[in-house]
Colleague: 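Have a look at this one before I ask anything.
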Amino acid sequence: MVFANIEYLFLLLLLIPYIVWYILKHKKNNATLQMSDTNIYRSIKKCYKIYLLHVPFILRIIVLALVILILARPQTTNNWQNSEVEGIDIMLAIDVSTSMLAEDLKPNRLEAAKDVAAEFISGRPNDNIGITLFAGESFTQCPLTVDHTVLLNLFQSINSGIVEDGTAVGMGVANAVSRLKDSKAKSKVIILLTDGTNNKGDISPLTAADIAKSFGIRVYTIGVGTNGMAPYPLRVAGTIQYINTPVEIDEKTLTQIAITTNGNYFRATNNSKLKEVYKEIDKLEKTKLNVKQYSKRHEEYQWFAVIALLFLLLEFYLRNSILKKIP
């Protein structure tokens, strides 16, 4: 319930001094007599009218409160809305080559990428999202879906070494394009994450970018890895030893892919930078939501008026009949 003239409810505060005045007046009008022993009066049965003495005042307070509520115009509302949600189709193209095991991001590049991407997916419930993995070759881990629970569960099985090693950036983009090209969504996006340079595959990265552009697909590219050297774990005789390997990211090509498809290139040198990149992409690709809201209000003062009238008649009856002879 809402009130059209809610400011009238402040009049209820005026009832407080009225109640205080009544209490003080009643105490002043009560005569007192000091007695050494009042046991003799305890056996006297009180008249039922004594118990009704303050009922008219209580009824009057209720009537005044109801009148104020009527002035405030109580209303009930029926609200409903039509929502038109236009989701965005997004393919995540993630590099799973062995170089993604380098530990310049913690615990390593691949696990950091999985964690941030999972957070990104959870924040976009209205979008169709799929996963393409690539190393020396590319395959679809999960086609476009709105079942993000299944999608997040599949993230757990993403590991390096599940396909031939290498970095086929062009194949990764092309595979993602094949999943998006028939989409009816007005906004189609690929988020490509890699830590190297293209050295495998039958399709060059720039050719794949041109194909993406022809289908109206925007590509955001992310180069992940620190500057300079990165610690890489190497298993030797049952133990793990670390060697420093150079970070070689083809930023020129990744930038060109982004420019060709009207996307952006980002560089993530640590975990916090990677999170910032995904947050920036999240801001750039917002789901469109058109909401038409309707509201219908009904006046509800009638019941307050009926109750106020009944209480007023009851007060009038008590004062002019039962309590008439009580001073």
Side-chain angles (χ1 to χ4, degrees), residues 1-87 122-127 146 148-149 282-283 286-327:
M1 181 175 291
V2 296
F3 294 93
N5 302 322
I6 195 169
E7 63 274 7
Y8 280 94
L9 295 180
F10 287 107
L11 294 176
L12 292 171
L13 297 175
L14 298 178
L15 297 179
I16 297 175
Y18 183 42
I19 295 172
V20 173
W21 170 82
Y22 179 83
I23 294 173
L24 295 176
K25 179 184 175 183
H26 179 73
K27 286 185 176 181
K28 184 177 180 181
N29 291 339
N30 284 344
T32 59
L33 179 65
Q34 291 186 350
M35 301 288 295
S36 60
D37 188 0
T38 60
N39 288 331
I40 189 174
Y41 296 102
R42 291 182 180 177
S43 60
I44 298 177
K45 186 176 181 181
K46 291 184 179 181
C47 176
Y48 75 95
K49 295 182 181 181
I50 299 299
Y51 296 102
L52 298 177
L53 185 61
H54 302 295
V55 171
F57 175 76
I58 295 172
L59 292 173
R60 184 179 302 174
I61 291 295
I62 295 174
V63 169
L64 290 174
L66 290 172
V67 169
I68 292 172
L69 292 177
I70 292 170
L71 292 174
R73 291 181 59 195
Q75 299 173 334
T76 55
T77 61
N78 291 330
N79 293 317
W80 66 96
Q81 65 181 25
N82 293 334
S83 299
E84 299 175 3
V85 178
E86 183 186 307
S122 298
R124 305 188 68 91
N126 298 318
D127 296 330
V146 291
H148 293 176
T149 301
D282 186 50
K283 291 178 183 178
K286 282 296 182 184
T287 299
K288 297 178 182 178
L289 179 64
N290 299 320
V291 178
K292 296 179 181 178
Q293 187 167 359
Y294 304 88
S295 178
K296 188 175 182 180
R297 297 192 176 192
H298 304 276
E299 299 287 346
E300 299 293 346
Y301 68 88
Q302 296 91 343
W303 283 108
F304 292 95
V306 169
I307 297 172
L309 179 60
L310 291 176
F311 280 15
L312 185 63
L313 292 175
L314 182 57
E315 181 196 357
F316 181 80
Y317 171 74
L318 290 174
R319 287 188 182 278
N320 293 278
S321 58
I322 298 176
L323 302 177
K324 187 174 182 181
K325 296 182 180 181
I326 297 179

Colleague: Considering only residues two or more places apart or on different chains, which pairs with a residue in residues 65-74 satisfy side chain to side chain donor-acceptor pair (under 3.5 Å)?
Modeller: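 Side chain to side chain donor-acceptor pair (under 3.5 Å) check on residues 65-74 returns Arg73-Glu299.
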
Colleague: Can you tell me how far CG of Leu14 sits from CD1 of Ile19, rounded to the nearest 0.5 angstrom?
Modeller: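 One gets 11.0 Å once the value is rounded to the nearest 0.5 Å.
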
Colleague: Does Leu69 reach the side chain of Leu9, with side-chain heavy atoms less than 4.5 Å apart?
Modeller: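 Yes, their side chains come closer than 4.5 Å.
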
Colleague: Let me confirm one number: the CG-CD1 distance from Leu15 to Ile61, rounded to the nearest 0.5 Å.
Modeller: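 Leu15 CG to Ile61 CD1: 5.0 Å, rounded to 0.5 Å.
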
Colleague: Using a cut-off of 6.0 Å, state whether more than 12 heavy atoms not belonging to Phe57 lie near its atom CZ.
Modeller: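 Atom CZ in Phe57 is crowded, with more than 12 foreign heavy atoms closer than 6.0 Å.
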
Colleague: In Å and rounded to the nearest 0.5 Å, what is the CG to CD distance from Asn320 to Glu315?
Modeller: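 The distance works out to 9.5 Å.
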
Colleague: Just checking Phe316: does its CZ atom have more than 12 heavy atoms from other residues, nucleotides or ligands closer to it than 6.0 angstrom?
Modeller: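 Incorrect, the count does not exceed 12.
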
Colleague: Apply side-chain contact (heavy atoms from CB on, under 4.5 Å) to Tyr18 and Arg60, showing your working.
Modeller: CA-CA 11 Å; Tyr18 183 42; Arg60 184 179 302 174; 3.1 Å; yes

Colleague: Please report the shortest heavy-atom distance between Tyr8 and Ile68, naming the atom on each side.
Modeller: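 Scanning both residues completely, I find the closest heavy atoms to be O-CG2, 3.2 Å.
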
Colleague: Not counting sequence neighbours, which residues clear side-chain hydrogen bond (donor to acceptor under 3.5 Å, both in side chains) with Asn5? List them please.
Modeller: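 With sequence neighbours excluded, Asn5 shows a side-chain hydrogen bond (donor to acceptor under 3.5 Å, both in side chains) to no residue whatsoever.
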
Colleague: What heavy-atom pair brings Val146 and Asp127 nearest, and what distance separates the two atoms?
Modeller: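 Reported closest heavy-atom pair: CG1-O, 3.9 Å.
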
Colleague: Work out which heavy atom in Phe3 is nearest to a heavy atom in Ala72; give both atom names and the distance.
Modeller: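 Taking every non-hydrogen atom into account, CB-O, 3.5 Å.
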
Colleague: Are more than 12 heavy atoms, taken from residues, nucleotides or ligands other than Tyr301, located less than 6.0 Å from that residue's OH atom?
Modeller: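 Not more than 12 within 6.0 Å, no.
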
Colleague: Nearest 0.5 angstrom please: Ile62 CD1 to Leu310 CG, how far?
Modeller: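 Nearest 0.5 Å value for the CD1-CG distance: 12.0 Å.
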
Colleague: Any salt bridge (charged side-chain N to carboxylate O under 4.0 Å, His left out) pairs touching residues 2-13, not counting sequence neighbours?
Modeller: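 Passing the test, one end in residues 2-13: no pairs.
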
